Structure formats: C-alpha cells, structure tokens
Amino acid sequence: MQLFIKGIKIVLISEVMTMYQVVTMHGENEPWWFFEDWRDDILTEDSYDDFQVALKAFEKALVNTHTQLPEIKGKDNFLIACWDPQELRYCDDCDEDVQLYHGILLLKDGKKINADGKEAEEAMYYRQKTKCCKRRD
C-alpha cells in the first residue's frame, strides 16, 4: 500500500512482522495451563523474528534448565516443565506443600505453536481446570 502526503511517497507495510518468544517461568502451575494470570510467573521473555533462531534459544534454555533440575515433562509442542521434587512451597490456604515448576516455552506472537512453528489452533486459556493452589483465584 502506498500513501502520498504533500508529494512524498510513503510505503506502508501491511503485514505485521511475526515474532517468536522464548519464555522462562517459575511458579506453582505447569507452563501449559495458561491461566488468566500466567504471565505473572514469567522470569524472562526474549523475542526473535526468525523461527530457527528462536528454536535454538529455546533449546539452549531447556538444556540449561534441565541440567539443574532432575525432572522434566513436555506437553504439546515447545511447552516444557522442569522441577526438583524438593522445591516446594507451603500453601496456608491448601494446608499442604505445592510443587514449583520451571517452565520453558516457545511461542509465536504470544500463542502456542505447532512443531513447524505455525500457530496452534487450540485456545490458550484453560479456566475450567482447577488450580493446584486456590489462594490466587
């Protein structure tokens, strides 16, 4: 699309650039639940405009995290939780210890993606699942 203002030609970019995010998190919920307040658990978020570069950054973050934490579980594509069974937080409201997780995510424009780097069709928020800890409801 082109726009002319007082004889000056301005070319407008109609397509928004796709960005990939590598996100690390720490909290009481596995990173694939995407509760309404899931962003409160973000420790770092780095953006990349190239999927392959973002994938390498994701893999590096995953190796660094899993090297320090013995347990690992993945869900869907690029949603990984690592944890140490000894890293617990006592919850007064639950009257029990809750596990803490370190999440590593690779997202596209803030949304889940498939193995090929394309946006997943599935919705992000799973409000129907009960949180493991009720105090933040």
Side-chain angles (χ1 to χ4, degrees):
M1 176 184 233
Q2 295 181 8
L3 176 67
F4 289 91
I5 299 176
K6 294 185 180 185
I8 299 172
K9 179 179 167 183
I10 299 172
V11 177
L12 300 176
I13 300 173
S14 60
E15 185 177 320
V16 177
M17 182 177 281
T18 298
M19 295 298 290
Y20 297 92
Q21 298 80 36
V22 175
V23 176
T24 61
M25 304 171 63
H26 185 246
E28 299 169 353
N29 298 298
E30 297 97 330
W32 45 81
W33 288 116
F34 293 104
F35 290 112
E36 195 169 333
D37 60 351
W38 73 275
R39 291 195 167 274
D40 294 346
D41 292 338
I42 291 178
L43 298 174
T44 64
E45 182 173 346
D46 297 310
S47 295
Y48 304 89
D49 58 5
D50 180 84
F51 175 69
Q52 293 302 320
V53 175
L55 181 58
K56 286 180 183 179
F58 170 80
E59 291 169 346
K60 182 179 179 182
L62 177 56
V63 168
N64 289 342
T65 302
H66 185 47
T67 300
Q68 300 171 30
L69 300 165
E71 302 294 330
I72 187 168
K73 182 177 180 183
K75 176 121 173 155
D76 298 326
N77 294 297
F78 310 117
L79 306 175
I80 308 293
C82 296
W83 68 95
D84 179 341
Q86 302 301 314
E87 186 181 13
L88 305 170
R89 178 182 299 152
Y90 184 77
C91 174
D92 289 325
D93 293 336
C94 301
D95 194 29
E96 65 183 13
D97 290 328
V98 293
Q99 181 66 57
L100 296 179
Y101 298 96
H102 297 258
I104 303 96
L105 299 80
L106 176 56
L107 306 173
K108 177 182 176 185
D109 295 327
K111 298 178 182 166
K112 290 174 31 173
I113 57 177
N114 294 317
D116 60 2
K118 294 183 180 175
E119 187 176 320
E121 298 294 323
E122 188 177 352
M124 293 266 301
Y125 296 103
Y126 299 96
R127 293 186 185 138
Q128 71 272 13
K129 180 193 177 278
T130 304
K131 286 186 172 185
C132 62
C133 179
K134 306 271 190 242
R135 70 179 159 185
R136 295 192 324 182
D137 285 345

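Side chains are part of it too, since the values below use all heavy atoms of this structure and drop only hydrogens, waters and symmetry mates. We're numbering straight along the sequence, starting at 1. This structure is a prediction, so every number in the text was calculated from the model and none was measured.
- Taken to the nearest 0.5 Å, the CD atom of E28 stands 10.5 Å off from the CZ atom of F35.
- For the atom pair CD (E96) and CG (L88), the distance works out to 10.5 Å, reported to the nearest 0.5 Å.
- Rounded to the nearest 0.5 angstrom, Q99 CD and W83 CH2 are separated by 7.5 Å.
- For F51 against F78, the heavy-atom pair with the smallest separation is CZ-CZ, 4.0 Å.
- Annotation: side chain of W38 is in contact with side chain of M25 (closest heavy-atom distance under 4.5 Å).
- Proximity of L105 to I80: side-chain heavy atoms (C-beta onward) are nowhere separated by under 4.5 Å.
- Remark: K75 does not engage E30 in a salt bridge, criterion side-chain N to carboxylate O under 4.0 Å.
- For the pair C82 and P70, the minimum side-chain heavy-atom distance is 4.5 Å or more.
- Residues K112 and F34 meet the side-chain proximity criterion, which asks for heavy atoms closer than 4.5 Å.
- Only one option out of D50, L107, D49 pairs with M19 in a side chain to side chain contact (heavy atoms under 4.5 Å, CB included); it is D49.
- At a threshold of 4.5 Å between non-hydrogen side-chain atoms, the residues E71 and H66 do not count as touching.
- Residues A54 and V22 approach most closely at O-CG2, 3.4 Å, considering heavy atoms.
- What you find for K73 and W32 is that their closest heavy atoms are O-CZ3, 3.6 Å.
- Q68 pairs by the side-chain contact (heavy atoms from CB on, under 4.5 Å) definition with nothing, not counting sequence neighbours.
- The residue from T44, T65, N64 that alone fulfils the side chain to side chain donor-acceptor pair (under 3.5 Å) condition with T24 is T44.
- Cluster annotation: L69 is not connected to Y101 through the hydrophobic network of ILVMFWY side chains, with a link wherever side-chain heavy atoms come within less than 4.5 Å.
- To the nearest 0.5 Å, the span separating CG on L106 from CD on E59 amounts to 9.0 Å.
- With a 4.5 Å cut-off on side-chain heavy atoms, D95 and Y90 count as touching.
- No side-chain heavy atom of V23 sits under 4.5 Å from any side-chain heavy atom of I104.
- The CG atom of D84 sits 8.0 Å away from the NE2 atom of H102 when rounded to the nearest 0.5 Å.
- H26 is listed as a side-chain neighbour of L100, based on a closest heavy-atom distance under 4.5 Å.
- The minimum heavy-atom distance between I72 and L62, with the atom names listed, is CD1-CD1, 3.8 Å.
- Closest of all the heavy-atom pairs between S47 and Q21 is OG-CG, 3.9 Å.
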